[in-house]
Amino acid sequence: LRKFKNRIIGCGVMVAVAFGLISIPIWGIEGKLLLGILFGTIVAIVNFNIMTISTKLMVERQQKLIYLLSMAARFFLYGITFYLTIINSGMMAIGTGAGFFTVQIAMFLIHGIGPMIVANKSKARRNVK
């Protein structure tokens, strides 16, 4: 489980860096936007860890209440973070929203597109032989 989580978190951090680099030509070096991306990414990583721990506990103990409580805590964490960034700055809120998606994008890249690319490459290699 640790290797699985670390791979996704590492890719999520790379997605956050990519968001920051992509934002520079668009908005320039906007400190609040970059700070928002940082906050959003941190919250996404914390939420991902809460989700994996609660899912493991739910499976081991067969208690759905654990998962429901973790969902409530995760939604609260997303909500309070987004609210605090909105009242601070619109640009920070945009960055935070982008940061929230870093872990989800990482999962999509690793487990969605990644296997399709590998499958296509191996299929192409078989056709060459």
Side-chain angles (χ1 to χ4, degrees):
L1 184 62
R2 175 174 278 151
K3 185 178 175 183
F4 169 79
K5 285 182 3 179
N6 288 343
R7 185 172 178 211
I8 290 172
I9 290 169
C11 186
V13 169
M14 288 189 282
V15 169
V17 169
F19 280 171
L21 292 174
I22 290 168
S23 74
I24 291 172
I26 299 169
W27 288 292
I29 298 178
E30 176 62 48
K32 290 194 177 207
L33 178 74
L34 298 175
L35 192 59
I37 293 171
L38 177 67
F39 286 155
T41 301
I42 290 169
V43 169
I45 290 169
V46 169
N47 276 328
F48 178 64
N49 281 308
I50 292 170
M51 181 181 66
T52 56
I53 291 167
S54 64
T55 302
K56 184 179 176 194
L57 287 173
M58 183 190 72
V59 169
E60 289 172 354
R61 297 182 185 176
Q62 297 294 317
Q63 294 180 347
K64 293 179 184 176
L65 182 63
I66 292 171
Y67 197 73
L68 291 173
L69 291 174
S70 78
M71 280 185 70
R74 290 173 39 231
F75 284 135
F76 177 76
L77 187 56
Y78 273 129
I80 197 73
T81 304
F82 197 61
Y83 173 75
L84 291 173
T85 58
I86 284 175
I87 62 173
N88 188 327
S89 161
M91 286 303 277
M92 188 180 283
I94 291 170
T96 301
F100 285 165
F101 287 102
T102 54
V103 172
Q104 287 86 351
I105 291 170
M107 285 189 276
F108 179 71
L109 291 173
I110 293 170
H111 299 289
I113 291 179
M116 290 187 326
I117 292 171
V118 171
N120 287 339
K121 283 184 181 179
S122 62
K123 189 176 183 181
R125 285 185 192 136
R126 282 182 292 204
N127 290 337
V128 170
K129 292 180 181 178

Separation of I26 CD1 from L21 CG (nearest 0.5 Å): 11.5 Å
Scan for ring-ring contact (aromatic ring centres under 6.0 Å, His included) pairs involving residues 43-94, sequence neighbours excluded, and state none if there are none. Y78-F100
Those residues at least two apart in sequence (or on a different chain) that pass side chain to side chain contact (heavy atoms under 4.5 Å, CB included) with I29 are I24, L34
Hydrophobic cluster membership, with links at side-chain heavy-atom distances under 4.5 Å among I/L/V/M/F/W/Y: are V46 and V103 in one? no
Tell me whether I105 shares a hydrophobic cluster with V43, the cluster being built from Ile, Leu, Val, Met, Phe, Trp, Tyr side chains joined at under 4.5 Å. no
Would you say V59 ends up clustered with I50 if hydrophobic residues are merged whenever their side chains have heavy atoms under 4.5 Å apart, either directly or through other cluster members? no
Kindly give the cluster partners of L68, where membership spreads through any ILVMFWY side chain lying under 4.5 Å from a current member. none
Under 3.5 Å donor-acceptor pairs involving side-chain atoms of residues 5-19, not counting sequence neighbours:
{"unit_1": "K5", "atom_1": "NZ", "unit_2": "N49", "atom_2": "OD1", "d": "3.1"}
{"unit_1": "N6", "atom_1": "ND2", "unit_2": "R2", "atom_2": "O", "d": "3.4"}

Just verifying a value: how many Å separate I80 CD1 and T85 OG1, rounded to the nearest 0.5 Å? 10.0 Å
Name all residues meeting the side chain to side chain contact (heavy atoms under 4.5 Å, CB included) criterion together with Q62; count only those two or more places apart in sequence or in a different chain, and write none if there are none. none
Sorted by chain and residue number, the side-chain hydrogen bond (donor to acceptor under 3.5 Å, both in side chains) partners of S89 (sequence neighbours excluded) come out as none
Any residue meeting side-chain hydrogen bond (donor to acceptor under 3.5 Å, both in side chains) with S54, in chain and number order, not counting sequence neighbours: S70
If you group Ile, Leu, Val, Met, Phe, Trp and Tyr by side-chain heavy-atom gaps below 4.5 Å, do I53 and I45 land in one group? no
L65, L57: one ILVMFWY side-chain cluster at the under-4.5 Å cut-off? no
Set of residues satisfying side chain to side chain contact (heavy atoms under 4.5 Å, CB included) with respect to L38, sequence neighbours excluded: L35, I42
State the CE-NZ distance between M51 and K56, to the nearest 0.5 angstrom. 14.5 Å
Pairs under 3.5 angstrom only: tabulate donor-acceptor contacts from the side chains of residues 90-98 to other protein residues two or more places apart or in another chain.
{"unit_1": "T96", "atom_1": "OG1", "unit_2": "G36", "atom_2": "O", "d": "3.3"}
{"unit_1": "T96", "atom_1": "OG1", "unit_2": "M92", "atom_2": "O", "d": "2.8"}

